[in-house]
Protein chains: 2
Amino acid sequence: MIKLSRLADYSIVLMTQLAGRPSTLMQAPDLALVTGLPVPTVAKTMKQLVQAGLVQSQRGAKGGYVLVRAATDIPVTEIITAVDGPIALTDCTVDEDGVCEIEALCPTRTNWRKINDAVIGALREVTLADMTPQMAPFVPHRPYVPVANAAAGE
Amino acid sequence: MIKLSRLADYSIVLMTQLAGRPSTLMQAPDLALVTGLPVPTVAKTMKQLVQAGLVQSQRGAKGGYVLVRAATDIPVTEIITAVDGPIALTDCTVDEDGVCEIEALCPTRTNWRKINDAVIGALREVTLADMTPQMAPFVPHRPYVPVANAAAGE
DNA sequence: TCCTTTTCAGACTAAAACAGTCCTATATAC
DNA sequence: GTATATAGGACTGTTTTAGTCTGAAAAGGA
C-alpha cells in the first residue's frame with residue numbers, strides 16, 4: 001500500500017501550522033489544540049523535527065517552536081525523511097552494497113534504484129509552502145484547562 | 001520510511017522471472033527455486049497476481065503460470081497495486097470524501113493528492129520489461145528433493 | 001535564589017499490520 | 001481413477017508502529 005507513517009503525516013500538518021505563522025513561537029499544547037492531535041504525540045513529533053534541524057526550539061517558560069527556514073525552502077521529502085528515515089521503496093535501495101540475501105537472484109536492484117529516485121524526485125518538487133494554503137490568521141490564546149479541573153468544573 | 005511490502009517486492013521478482021521466459025509454463029516450486037523464496041510464499045503471491053489478471057494459471061498436472069500480457073504492457077504500478085492495494089501515501093488520498101477525522105483541520109488534503117499522483121506517475125513510467133534485464137536462458141529442471149530425504153542423504 | 005514553565009531524552013506498553021505456513025477443495029493430464 | 005497443481009481460506013508468530021509516561025535539563029520571572 002506504499003504509505004508513509006502516520007507520524008510523518010502528522011509532521012507535515014504540524015509544519016504547515018508553523019509555516020502559517022512565521023516567527024511565532026508555538027508551544028506543544030498550542031499545536032495540539034490547532035491540529036487536534038494529542039499533546040504527547042505532538043511533543044514526540046516535534047522532537048524529531050528539532051533533531052533534524054527543521055525546527056528550532058526554545059526551552060523554559062515562554063518557550064516553543066519556530067521554523068528555522070522559510071517554508072519555500074523546505075521540500076516535503078526533508079520532513080518525511082526526518083521522521084520516517086530515508087525514503088526507500090525496497091531494502092535494496094537503502095545501501096550501496098546490498099544486504100539483500102537473494103541479491104544474486106535479483107537483477108532488478110539497479111532498476112529499483114531508478115524507481116526510487118523517480119519517487120524522491122516527485123516528492124522533492126513539492127515544498128512545505130505548497131502544502132500551506134489558507135491559514136487561520138493568528139494563534140488563538142488557548143483556553144487550556146487541566147482535565148481534572150475541567151471535570152470538577154462541570 | 002515509505003516502503004512497499006516485501007510481498008510486493010517478491011511479486012516483481014516473480015513477474016520478471018515469468019517475463020524472461022515468455023509462454024513458458026512455470027510452476028510454483030520452479031519459481032521458488034529460481035528466486036530463492038519459500039514455496040508457500042510463492043504460491044501466496046502468485047495467487048494474488050492471478051486474481052489481478054496479470055498472470056494466467058493452469059491447474060492440475062503439468063500446470064503452472066504464464067504472463068497474460070507482454071512485459072512491456074505491464075507497468076509496475078499494476079503489480080504493486082495487485083499485491084499491496086491502491087497506492088496511497090496518506091489515508092486522505094484513498095477516498096474522495098475524506099474519512100479523515102481531522103479533515104477540517106487538514107487543509108493539505110488536496111495537496112497530498114497532488115503528491116500522490118506524482119508518485120504514481122513516476123511509477124507508471126516503468127514497465128515490467130524495464131525490470132527484466134538479462135535472464136537465464138531456460139528453466140532448469142528442478143532437482144527437487146524433500147527436506148527429510150536431503151538431510152538423510154547428507 | 002527559588003519556583004514555575006516548557007522542552008528533552010528515553011523507556012515502555014499496547015495495538016495493528018504483515019509475513020509466512022498449513023490444510024482442504026477443485027481442476028487437469030495421463 | 002490416480003497423481004499432480006493450483007485455489008481458497010484460516011491461522012499463527014513476528015515485527016513494526018503509535019501512543020503514553022516519567023524524570024531530567026533549561027529558561028524566565030518573582
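Each chain gets a letter, A, B and so on, in the order its sequence line appears, and its residues count up from 1.
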- Message: Let's go through A:L49 and A:I79 carefully: what are the C-alpha distance in whole Å and the side-chain angles of both, what is the deciding distance for side-chain contact (heavy atoms from CB on, under 4.5 Å) to 0.1 Å, and is it a yes or a no?
- Response: CA-CA 7 Å; A:L49 294 172; A:I79 303 174; 4.1 Å; yes

Nucleotide nearest [X] when distance is taken to its side chain, options [options]:
| X | options | result |
| --- | --- | --- |
| B:S5 | C:dT28, C:dT21, C:dC18 | C:dC18 |
| A:A61 | D:dG28, D:dA5, C:dT7 | D:dG28 |
| A:Q58 | D:dA26, D:dA27, C:dT28 | D:dA27 |
| B:Q51 | D:dG19, D:dG8, C:dT6 | D:dG8 |

- Message: Tell me whether the count of non-hydrogen atoms from other residues, nucleotides or ligands lying under 6.0 Å of CD in B:Q58 goes above 12.
- Response: yes

- Query: For A:K44 and A:K62, take the nucleotide of DNA chain D holding the closest heavy atom to each; which residue's nucleotide lies nearer the 5' end?
  - Reply: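 Taking each residue's closest nucleotide, the earlier one in sequence belongs to A:K44.
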
Mind calculating the distance between [atom1] ([X]) and [atom2] ([N]) to the nearest angstrom?
| X | N | atom1 | atom2 | answer |
| --- | --- | --- | --- | --- |
| B:L31 | D:dA5 | CG | P | 13 Å |
| B:R6 | C:dC18 | CZ | P | 12 Å |
| B:Q56 | D:dA5 | CD | P | 18 Å |
| B:L25 | C:dT28 | CG | P | 13 Å |
| B:K3 | D:dT17 | NZ | C1' | 11 Å |
| B:L14 | C:dG20 | CG | P | 12 Å |
| B:D84 | C:dC18 | CG | P | 8 Å |
| A:L37 | D:dG19 | CG | C1' | 12 Å |

Does a side-chain N or O of [X] approach OP1 or OP2 of [N] to a distance below 4.0 Å, or not?
| X | N | answer |
| --- | --- | --- |
| A:S57 | C:dC8 | yes |
| A:T41 | D:dA18 | no |
| B:Y10 | C:dG20 | yes |

- Test side-chain contact (heavy atoms from CB on, under 4.5 Å) on B:T41 and B:Y10 and set out the steps. CA-CA 9 Å; B:T41 301; B:Y10 295 166; 3.7 Å; yes

- Message: Evaluate B:M26 against B:V66 for side-chain contact (heavy atoms from CB on, under 4.5 Å), listing each step before the verdict.
- Response: CA-CA 7 Å; B:M26 290 195 75; B:V66 217; over 6 Å; no

Using a heavy-atom cut-off of 4.0 Å across all strands, would you classify [X] as base, sugar-phosphate, or nothing?
| X | value |
| --- | --- |
| B:A43 | nothing |
| A:Q48 | nothing |
| B:K47 | base |

- Nearest atoms (heavy-atom pairs only) where A:L18 meets A:L67: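 Looks like CB-CG, 3.8 Å.
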
- Within residues 63-71 of chain B, find the residues that approach DNA chain C with a heavy atom at under 4.0 Å, and present them sorted by residue number.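 Of all residues in residues 63-71 of chain B, none places a heavy atom under 4.0 Å from DNA chain C.
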
- Message: Do B:D30 and B:Q27 make a side-chain contact, defined as non-hydrogen atoms from C-beta onward lying under 4.5 Å apart?
- Response: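 Sidechains of B:Q27 and B:D30: in contact.
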
- Task: Begin from the C-alpha positions of A:D9 and B:L89 and carry the test side-chain contact (heavy atoms from CB on, under 4.5 Å) through to its verdict.
- Result: CA-CA 9 Å; A:D9 194 359; B:L89 258 51; over 6 Å; no

- Message: Name the residue from A:V55, A:L54, A:V83 that meets the side chain to side chain contact (heavy atoms under 4.5 Å, CB included) definition with A:Q48.
- Response: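 Passing option: A:V83.
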
- Message: Could you check whether the side chain of A:R59 and the base of C:dT6 have a donor-acceptor pair of N or O atoms closer than 3.5 Å, going by distance alone?
- Response: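 No pair found.
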
